[in-house]
Amino acid sequence: MSTTTADGTETSNPPPPTSLDLWSQIVADENQPQGNQIDVVFRRRKPRSESNNSNSLHSDEVPRRPSRVSFADPNKRISWKRSLSTRGRVSIAVGASMVYQPELKKDKRKGKPPAIPKGKDVKSPNFDKERLYFQEVDAFELMEESPSPKKVGTWIVGNNTEEVQLPSLCSRLERWLHSRRLNPRCRPSSTLSKILDTPTMNLEVRLRSLDQSGLSNSQLSNFKSGESKRSLNNVSLIESEGCEDIEAGVKKLSLTSTTSSIYDDQNNPFSVLLEICGQSAPSMLQDLFSSGSETVVKVGEGTYGEAFKVGNCVCKIVPFDGDLRVNGEVQKKSEELLEEVLLSKTLNQLRGSDGVSSNNLCRTFIESKEFRVCQGLYDEVLVRAWEEWDHKHNSENDHPNEFPEQQCYMVFVQQHGGKDLEGFVLLNFDEARTLLVQVAAGLAVAESAFEFEHRDLHWGNILVSRSDDSATLQFTLDGKNLVVETYGLIISIIDFTLSRMNTGDSILYLDLSADPDLFKGPKGDKQSETYRKMKEVTEDWWEGSSPKTNVLWLVYLVDILLTKKTFERSSKDERDLRSLKKRLDKYNSAKEAVFDPFFTELFVESNPMA
């Protein structure tokens, strides 16, 4: 198609673009400058109003803002998912019925009662109705833990509708007697018949002798109450099976307490302690020491007692159950001494002196030969020996003359085990090794036999003596014999006050959680640190078995040998002790630790496990 211009020239117009050149046209249009360009402005969204609509009519009159220059990389892809709202700015991409505001913090007091506003008087809740209800419940006394009767205060026997009032005394014996009255046959029970058939025992004579013995009031009352309970098994109440005779026998017993019962025969610790020691009453302390011709010498002391050497034995005297403080501490109770006596008797079984074969035998624990409960003043011989010790060593204990005449003592008669490790002089490294292996083997044997834990094995509770008679010492652990070289030293372990043991019938232990001062020793002190480590291992539950405590005391002994004891040793010997200390931390019991290479080198047998 051509057109003629004004000057007469003919020009040809380009043909109209076809659909194939549509994209070229779009590109060309974009490259041409446009007169009217719409700027996109992001602003805080405001609610529409009539004034805004009116202003929009004259939008052409408002000068248009110049478009902002973008510094973004044109080749970089912009994510359409990128949020457009920052710091309160609302995105223009808002979905319908969607909330894009940040979530509000939840009320922390949700589910709790509303807080009481300050400055306002709020009435306290009234619990009068609840209080009256519980008062009414407490006022109702149940006569027996059994199905409640139809009428309070009465019992219906069988098909008999006769109401019988309960007696005021509701002990088991009175209830038994009451049921016998209601039974026309009146047959005595087999248990009571055994009690009634026992021979007569004159209890008044024994109690009269105790009144003259000078015991304290608390000890005398405890002993009398225990003897009165046991005497029920030895007193003849009746000679026939009649109900009237039974009632007369009950009156002879003088059962005036409603809580007393012949079936609750639990003897107090003091009377049980006497029974275990084979005594009916305490012996006089003066008679025990003044009758002998042996020389009495004080050999040691502790917070709770004194130790005297009498001939070839050592007598440990411990006051108990008194009101006077001993060296600033409260005296021990009968139950504490009772457990220590039982522990000592049980550990004697490990010596195998009775000829009974056992899978666990050792002689490391001190032999206890006799136990005596005594009472009275210190004998002059004991006082003289105590004062001589005080003159040489400046005793830290109170003078024994301060004890009253009615003071009771527990006397442990034991073999003489030598001198404590604190004052004993070791000569060489071999003696230090045999000391460790004897202690470890003894603890291992006691662990296997009775789940034993000493829990107080400081260097004052390890006795050392020299003996040329025995070059070796035999231990039997779980039926296997271990023969150890002694190098002339014999070790004895003493003082089982804090120990724990399972005898098979009962668990004997001392609850150390009741003595928090035991764990407040100075920091850095080996003994105090060992107490605190024991508390961590046992988790303050002292009844349970924690043989790791024995390992802790073995570590303590290694530290004592390294830091407190002086003996001939090389640098290699010290390295061996330090290596042993590190390995001991990995063991959980003395049974595991005793087979450490440090100890097995002292076994005469090459393979102790075989």
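By the neighbour-count criterion of 12 heavy atoms within 6.0 Å, atom NZ of Lys564 is sparsely surrounded, having that number or fewer from other residues, nucleotides or ligands.
One finds the CD1 atom of Ile493 at 12.0 Å from the CG atom of Asp456 (value rounded to the nearest 0.5 Å). The CD atom of Gln527 sits 10.0 Å away from atom CG of Leu457, with the distance rounded to the nearest 0.5 Å. Arg569 CZ to Asp430 CG: the interatomic distance, rounded to the nearest 0.5 Å, is 13.5 Å. Atom OH of Tyr587 sits about 11.0 Å away from atom CZ of Phe595, to the nearest 0.5 Å.
For the residue pair Thr497 / Lys332, a side-chain donor-acceptor distance below 3.5 Å is found, with atom types taken as modelled. One side chain, Glu453 or Thr549, offers a donor N or O that lies under 3.5 Å from an acceptor on the other. Between the side chains of Ser358 and Gln349, no donor N or O sits under 3.5 Å from an acceptor N or O. No hydrogens or angles considered: a donor-acceptor pair under 3.5 Å links the side chains of Ser513 and Asp511.
Looking at Gln286 and Leu377, their side chains come closer than 4.5 Å, going by heavy atoms from C-beta outward. Under the 4.5 Å side-chain criterion, counting only non-hydrogen atoms from C-beta, Asn481 is in contact with Thr476. Asn268 is not listed as a side-chain neighbour of Ser334, based on a closest heavy-atom distance of 4.5 Å or more.
Ring to ring, Phe289 and Phe308 are not that close: their centroids are 6.0 angstrom or more apart.
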Report the C-alpha distance between Val318 and Glu340 in whole Å, list the side-chain angles of each, state the deciding distance to 0.1 Å, and finish with yes or no for side-chain contact (heavy atoms from CB on, under 4.5 Å).
CA-CA 11 Å; Val318 181; Glu340 187 171 355; 5.9 Å; no

Does the pair Tyr378 and Glu306 meet the rule for a side-chain contact (heavy atoms from CB on, under 4.5 Å), with working shown?
CA-CA 12 Å; Tyr378 259 58; Glu306 314 278 351; 3.7 Å; yes

Derivation of the ring pair (Phe, Tyr, Trp, His ring centres under 6.0 Å) call for Phe412 and Phe371
CA-CA 5 Å; Phe412 297 84; Phe371 307 91; 5.7 Å; yes

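Side-chain atoms of Glu447 come within 3.5 Å of backbone N or O of Lys591 as a donor-acceptor pair. Under a 3.5 Å cut-off, the side chain of Arg351 and the backbone N or O of Phe365 do form a donor-acceptor pair. With hydrogens and angles disregarded, no donor-acceptor distance shorter than 3.5 Å links the side chain of Lys298 to the backbone of Asp390. Judged purely by atom type and a 3.5 angstrom limit, Asp573 uses its side chain to pair as donor or acceptor with the backbone of Ser570.
Salt bridge Arg466/Glu431: present, at least one basic N to carboxylate O contact under 4.0 Å.
Sorted by first and then second residue, the pairs that involve residues 538-583 and meet ring-ring contact (aromatic ring centres under 6.0 Å, His included), not counting sequence neighbours, are Phe519-Trp542, Tyr531-Trp553, Trp553-Tyr556. Within the structure, every pair that satisfies the ring-ring contact (aromatic ring centres under 6.0 Å, His included) test and touches residues 466-513, not counting sequence neighbours, is listed here: His454-Phe496.
Residues satisfying the salt bridge (charged side-chain N to carboxylate O under 4.0 Å, His left out) criterion with Asp379, sequence neighbours excluded, are absent altogether.
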